[in-house]
Amino acid sequence: MKIITTIKEMQQWSKQKRSEGNSIGFVPTMGFLHEGHVALMTASKQECDLTVTSIFVNPLQFGPNEDLDRYPRNIVGDEATCSAAGVDVLFYPAVQEMYPTERNTTLLATQRSDVLCGASRPGHFDGVITVVSKLFNIVLPDVAFFGRKDAQQVAVIEGLVSDYNFPVEIRAVGTVREEDGLAKSSRNVYLTEDERKDAVGLNKTLAFGKHLVQSGVAGDEAERRSIAYYNENFQGEIDYLNVLSFPALTQLNKSDAQCIIAIAVKYSKARLIDNIIFTR
Ligand code: AMP
């Protein structure tokens with residue numbers, strides 16, 4: 001596996017490989033890799049000739065009081081994970097390489113970004129679409145793979161690709177979970193032992209809410225009852241729990257067939273998110 005740290009070399013590699021007729025699959029990550037990330041790499045390997053993974057903890061998508069400084073890192077382990085997964089190139093740029101000067105322009109996420117994580121993390125999706133645009137122009141992929149665990153991120157990125165005609169196809173890969181249903185996340189290492197046990201509550205509450213909606217309960221009532229269910233049985237602090245249409249992420253109407261139930265919970269050192277996308 002090749003490790004590339006500069007934008008120039010990354011672009012040159014991709015241009016060369018594309019000119020030789022290879023398709024390039026791309027898996028952007030923030031590192032501290034786990035089986036969820038590996039599932040994206042596997043999907044890319046299945047569909048594309050070559051796979052590039054990036055590791056970049058993007059300062060722009062963290063708010064001032066968020067966990068940028070203590071976001072978990074393990075580049076040595078991540079290299080081994082990428083290599084074992086059959087990744088061809090690991091793109092691992094420094095912050096100075098990605099943002100050397102003050103930017104001249106700003107991208108703003110204006111649709112699907114005022115709910116869920118967009119509402120509780122102002123500016124987060126502006127940072128996401130900025131870095132994803134840069135990475136697409138650096139890695140020059142044919143196909144890019146994102147996790148459904150961040151379903152709102154996938155929806156916002158699909159909007160970005162459509163607005164700016166990026167010649168990239170977006171694939172969404174299902175959420176990889178621990179045996180008890182907890183979605184795998186780099187941030188799970190920050191749970192205490194008790195919190196780790198409690199964190200099964202996210203997925204359990206989503207399943208509870210999904211069942212309500214599928215039995216005909218209206219979205220707002222399902223939200224209220226799911227929040228009550230979580231608070232009766234689990235200890236974390238709910239940041240949001242919403243039932244929305246998918247992929248529009250608007251308030252659920254009777255005519256919407258596809259729904260998402262999404263939750264964010266704050267523990268002492270980690271904020272976890274999860275969702276289920278389903279049909280009524
Ligand atoms: P992150 O490193 O957390 O920014 O995630 C990088 C990519 O991996 C994103 O597209 C995530 O949605 C995806 N991802 C993270 N956790 C999981 C998971 N448990 N299952 C599937 N994909 C995931």
Side-chain angles (χ1 to χ4, degrees), residues 25-47 51-63 66-68 70-75 77-79 81-82 85 87 90-93 98 112 116-118 121 124-125 127-136 139 141 143-161 168-191 196 199-200 202-203 206 246-247 260 262-265 270-277:
F26 177 41
V27 179
T29 81
M30 297 203 299
F32 211 73
L33 303 174
H34 51 69
E35 286 93 333
H37 299 112
V38 172
L40 306 188
M41 296 169 195
T42 305
S44 173
K45 297 268 305 164
Q46 276 166 2
E47 184 172 350
T51 292
V52 177
T53 293
S54 64
I55 294 180
F56 181 63
V57 182
N58 174 35
L60 287 192
Q61 70 190 66
F62 287 79
E66 293 183 359
D67 58 351
L68 172 63
R70 53 188 177 78
Y71 195 82
R73 293 167 198 252
N74 175 13
I75 189 62
D78 287 349
E79 279 180 37
T81 303
C82 290
V87 166
L90 172 57
F91 179 54
Y92 180 52
M98 290 294 278
R112 303 167 182 163
L116 307 179
C117 288
R121 302 182 69 188
H124 169 69
F125 287 112
V128 168
I129 60 174
T130 302
V131 79
V132 167
S133 301
K134 286 175 70 79
L135 288 168
F136 282 175
V139 174
V143 190
F145 297 81
F146 293 88
R148 274 255 193 262
K149 176 173 167 271
D150 300 277
Q152 185 175 18
Q153 173 169 274
V154 180
V156 168
I157 288 169
E158 278 172 345
L160 170 78
V161 165
V168 181
E169 285 182 44
I170 303 300
R171 300 277 184 269
V173 176
T175 302
V176 178
R177 298 178 179 282
E178 303 288 354
E179 261 176 36
D180 65 359
L182 174 65
K184 293 203 181 238
S185 165
S186 307
R187 289 183 169 104
N188 290 351
V189 288
Y190 285 132
L191 299 174
R196 170 64 191 83
V200 69
L202 278 81
N203 191 234
L206 294 177
F246 189 83
I260 181 168
I263 190 170
V265 171
R271 175 181 168 282
L272 304 185
I273 61 171
D274 198 358
N275 70 78
I276 305 178
I277 295 159

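All ligand and atom numbering here is 1-based and tracks the order in the structure.
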Set out, in order, the CA-CA distance, both residues' side-chain angles and the distance that settles side-chain contact (heavy atoms from CB on, under 4.5 Å) for Ile260 and Ile277, then state yes or no. CA-CA 4 Å; Ile260 181 168; Ile277 295 159; 4.0 Å; yes

Tell me every residue that passes salt bridge (Lys or Arg N to Asp or Glu O under 4.0 Å) with Arg112, counting only those two or more places apart in sequence or in another chain.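 With neighbours one apart ignored, the set is empty.
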
Is the number of heavy atoms from other residues, nucleotides or ligands under 6.0 Å of Phe146 CZ greater than 12?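 More than 12 heavy atoms, drawn from other residues, nucleotides or ligands, come within 6.0 Å of this atom.
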
Any salt bridge between Arg271 and Asp67, counting N to O under 4.0 Å?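 Answer for the salt bridge query: no.
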
Would you mind reporting whether Phe56 and Lys134 have side-chain heavy atoms less than 4.5 Å apart?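 No, their side chains stay 4.5 Å or more apart.
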
CA sep, side-chain torsions, deciding dist, call: Leu33, Ile55, side-chain contact (heavy atoms from CB on, under 4.5 Å): CA-CA 9 Å; Leu33 303 174; Ile55 294 180; 4.2 Å; yes

For ligand 1, what is the set of protein residues having any non-hydrogen atom at a distance below 4.0 Å?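 Its neighbours under 4.0 Å (heavy atoms only) are Pro28, Thr29, Met30, His34, Gly36, His37, Leu40, Tyr71, Phe146, Gly147, Lys149, Asp150, Gln153, Gly174, Thr175, Val176, Lys184, given by chain and number.
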
